[in-house]
Structure formats: structure tokens, C-alpha cells
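In the text below, chain A, chain B and the rest are named by the order of the sequence lines, each starting its count at 1.
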Amino acid sequence: MTVRVRFAPSPTGYLHIGGARTALYNWLYSKAVGGTFVLRIEDTDLERSKREYEELQKQDLKWLGIIHDEGPDKPNPKYGPYRQSERLDIYAKYAQQLIDKDLAYYDFTTDEELEAIKAKSEAEGGFAGHYQGKWKNPEMKAEALKKIAAGEKPAIRFRAPMKDFTLQDKVKGEVVYPADMVGDFVIMRSSGLPTYNYCCVVDDMLMEISHVIRGEDHLSNTVRQLMLYEAFKAKPPIFAHVSLLIGQDRQKLSKRHGATSVHLYKEEHYLPEALCNYLTLLGWSHPQETDIFEKNEIVSLFDLERFSAHSAIYDLVKLKWVNGQHLRKITNSDLVKELAAIVPAGHAFLSQSADWKEKCVDLLKQKVDFITEMIPMMDQLIFDEEIEMSDELKDILSWETTPKIISYISAEVGKLSESYASEAQLNTWSEFVKKDLGIKGKPLFMGLRAALTGKGHGPDLKHLIPLTPVSVLKKRAAKLGA
RNA sequence: GGUCCCAUCGUCUAGCCCGGUCUAGGACAUCGCCUUUUCACGGCGGUAACUGGGGUUCGAAUCCCCAUGGGACUACCA
């Protein structure tokens, strides 16, 4: 069986983190079974849909490495077009078929009348929003055609069959929808635009989508789609309704929970593979319980059997850790490139030697979880000439041995003509302090650190000092001496 | 309100389908120790969970029912 999956976003905003997750699952599955991943744009909501958002979402997907095989920019003539706004004639044609078979009918009810009906049935404790059987009068068709000829614009409503429907969902198992669950529903709006549950079915059917992996929020609606597949005498795809992402308060993930748009993570220079890694694990489990991987590494073992059925809280703390793990996997030369790209123009990092840069990132990546944190860390550790009087530093300065070390280091640093001190030089200083000044143990190392860095703690001096410009060392020593 | 879905450490989860190997495993976070004469990274260890109640069974985290809690849907949004 040829597997064809799709990701079908609405271009009404940036790519949402939840959308990215379902896109990822679809991508993973298509790769796992050698299928085709289709990108379809669901832009039938003319009010909110914008072409620029489509572009932005595509960029976000690309950033994540989720590349589609078919889509508006990679059309297959057999299945396109891929924007619903460009398929309006198709929806009209299929709607007409349903009308002809009396599986759907014209509906002239106004919004106000609808409201009234709804209010009445709710007041009676009945089925709110169920319009079953209301318009089944056969004479109404001729009358409807007359009205249309006169210029009235009706909606088209699908006649919901009064029977149970059963779905075999890959995640939820067997789901039974009772016969009176939904009433006749609109498939074509009076504006001529199709509704979601209808065009989704027409498209999935025509695009020969074999598996629909989507959010659980569509589970209830699936019964409408099942009805339509039956009306079209088409075999429904295999469905997998993955659980939703929620916030700390267990409510649906929204803006008030913080960063929910993928582009925000891109701007913050999160590693795309780290985001994919984290998102994959939020609802799917690795058979070996491995928790750090790149998406290419798991395509061979990805399947639809390992989804969890309950929703997951989106947790930035764990994402931070995952990002740090990926950061430490990047080679130093690649990391140098990444860092060079985000450092402010004219930053001292850029003018250093290749060797210096590699050693620098090697040192920094042990200290942080995000690339962006490397810049302030580097500034503080290496280029900062100022001395900040922390309690820790004050304590070290109060020892009687420390001033001796400072005056010695100050004089020694002053003698240096090269740009950087070597590790050997550091050893010489250290030996002198130990032998000639008679300082050893904690006072030696802490004092040396204070004299050279102006700080109470930090990375190993033998790695740090060769990276620190002598000019900075001189200024620090001068300030400490004063 | 109605219909549907869900329920294991604070969080993500393994185990559940095919009951015993579960005194419930892993990861994040947290705490402690080791390493580093500092910090971080790393290593080791601790605290911490089967929502409740019935039933089936020799035996239930695993199967069934009810309750409770959470969520989704209930649009001429997607």
C-alpha cells in the first residue's frame, strides 16, 4: 500500500508548536515507510488566511528540517492544486453530486433563525445544534432552485445518516459515534466556500491520503468525515489522533503559556534538532527509551503503535536540557560557524584565530544550554575588564595571601609583550607563587584565579587564560591592585 | 447540558493489548556524594507515582463496571 500523509495547516498565523509536532509525526511516518509527505494549505477562511503566513510556516518547517515531497511549490499534476482556495470548483462539483443524489440539500436558514432554533432546542434540553429531519420535504428542492434563480444564496447541508459510526483509531482504538451525535451539517457556506470537515474529506480522498495523523481535537469531528466518505463511497484513510499539547495549568497550549510559535525558537537560536527531539518525545516513546536523538536516527523505528493516548504538558525546562545535550554534540568547527553567525557585528570573537575560536566554543559549550548564552558567557569570562565585587571575591581578597599574589601577577602580566599568555606561562606563575611566595592549596588557586580573572570561580584556568587577551589581564590586575 | 476521549513519580514516560518476571523501570527537575583544590560538564546515589471504589481471578498497574478529575467537540472556524 502506498503511504501518503499530509500536514494541512491554516495560514492564519505562525507555525504553532503543536502543529510542528503533528507535522513531525507525519514526516517521520512517511520516511519510516517510504511514503509521500504532502503539504496542503487550508485557506478557506478568507478572513484570517494570509499568503505571508503560508510562507512563514513553510520557512519554519524548513528550519526544523521537515521537508515535504508535494505541495504548492512541488506540485504533482495528479493531485494538485494544494491550496484549498484554488480547489473551489472541485468542492462545488462534489457538492453538486451530493445534491443530485439527495445526500445533501440547500438550506436558506439565516443566522438569526439558526440561533433561535438552537436556543429553543437547548431550552428544551434537547440536542443543541441538531437539525435532523428538518428539511426532508421533497418539494423543497424545486422551491430551493426557484429561490436560487431569484438570486438567493443558500448553504448546502449534508444529510447526516441516523446510524452509528465506528472508527478504528491507531491511537484511541475503537471509537463509536452514536447515531444522534451530530445532525445535518453545512458543507458549503452560502458564500460558496466549503467548510473544513467537507473539503478535508474531498482533498484527502482526491489526494489519496492513506494515513491521517492529526490532533485529538479532530476526534469528535471525524464522524462527519466518516459520513462523507461513505456518501462518496470512498474508503476512509487510517486515522491516528494524537493527544494534545497542554500548558502547566493543563489547559490547551496558548500564547499565555509563553512561546508557542516555532519562529520564536528560531529567533532564540534553539537547535532545530533539539526542538524536534523534544517534540517527538511528547507523545511518542522510543522503543529503547533513548532520549537524545536526531530525527533521521529514528525514522527506521518510528511507528504508529507507540503514541501515548493522553495529553502532555509542554515543559521548557526539559527542552532546555535537550538543547544542551544537542549543543554538546555539535563539532567545535560547526559551533564556531553557528556562533560567528549570531555574534554582534564587530565582536572580538570574530577577529580571533581559528584555533582560538575552536578552543573557546569547546570551553563555553560545557557551561551553557543555549548558543545565545555563549556570548554573554564569553564576554564575562574572557573579555570583561571590569571587576565585580561579589561576596565570594571579597572573601578571597580578604585573605592575607591574596594581595601578594595580585602584586606579583600584576607585575608579571605587565611584562608580557605577546597578545596571549600560554599555559606554560601560567604554570610558571603558579610555581613561583607556590615556591617563592610559599602559598599553596586553596589560597594559591583561588588567589591566582582572583588575580587573573577578578572572579571567585569559572572554568579551568589552564583553558581560560590562554584565551584571555593579555590586555584584559593587565587591566584587571591594575584594577585589583588599586 | 449532550457526545466522545483520557487518567503511572512535580513533569515527559516504560510497563497495560498477550494478568504473575513490578518490593513499578528510565529521563527532566530536585537533594546528596564523587570528580574538578573553583564553577560547569560528567559519574554515582536518594526523595518521589499505579485517582478512588467495586468486580473477575489463586493472583490486577495490567481485564470489566461505577465514581471522581481533566480535556476535546458541540459554528455557514480550521
> So what does A:Ala155 touch, heavy atoms closer than 4.0 Å: a base, only the sugar-phosphate, or nothing?
Replying inline: base

> Across the strands shown, which category fits A:Gln251 at heavy-atom distances under 4.0 angstrom: base, sugar-phosphate, nothing?
Replying inline: sugar-phosphate

> Is there a donor N/O on one and an acceptor N/O on the other, under 3.5 Å, for the side chain of A:Glu289 and the base of B:G25?
Replying inline: yes

> Rounded to whole angstroms, how far apart are CG on A:Leu316 and P on B:A29?
Replying inline: 13 Å

Would you mind writing out the side-chain donor-acceptor pairs for residues 428-441 of chain A within the sub-3.5 Å range, not counting sequence neighbours?
unit_1: A:Thr428; atom_1: OG1; unit_2: A:Ala424; atom_2: O; d: 2.9
unit_1: A:Trp429; atom_1: NE1; unit_2: A:Glu412; atom_2: OE1; d: 3.4
unit_1: A:Trp429; atom_1: NE1; unit_2: A:Gln425; atom_2: OE1; d: 3.0
unit_1: A:Glu431; atom_1: OE1; unit_2: A:Lys435; atom_2: NZ; d: 2.9

> With A:Asp315, which residues qualify under side chain to side chain contact (heavy atoms under 4.5 Å, CB included), at least two apart?
Replying inline: A:Gln248, A:Tyr278, A:Val317, A:Lys318

> With both distances under 3.5 Å as the test, what is the Watson-Crick or G-U wobble partner of B:G1?
Replying inline: B:U74

> Whole Å only: how far is the NZ atom of A:Lys442 from the C1' atom of B:U37?
Replying inline: 8 Å

> Are any side-chain N or O atoms of A:Asp362 and backbone N or O atoms of A:Glu358, one a donor and one an acceptor, separated by less than 3.5 Å?
Replying inline: no

> Donor-acceptor pair, A:Asn277 side chain versus A:Glu294 backbone, under 3.5 Å?
Replying inline: no

>> Strictly below 4.0 Å: does A:Arg48 bring a side-chain N or O up to OP1 or OP2 of B:C77?
In response: no

> Ignoring hydrogens and angles, are the base of B:A27 and the side chain of A:Lys318 linked by a donor-acceptor pair under 3.5 Å?
Replying inline: yes

>> Using only modelled atom types and a 3.5 angstrom limit, is any donor from either the side chain of A:Ser191 or the base of B:C76 paired with an acceptor on the other?
In response: no

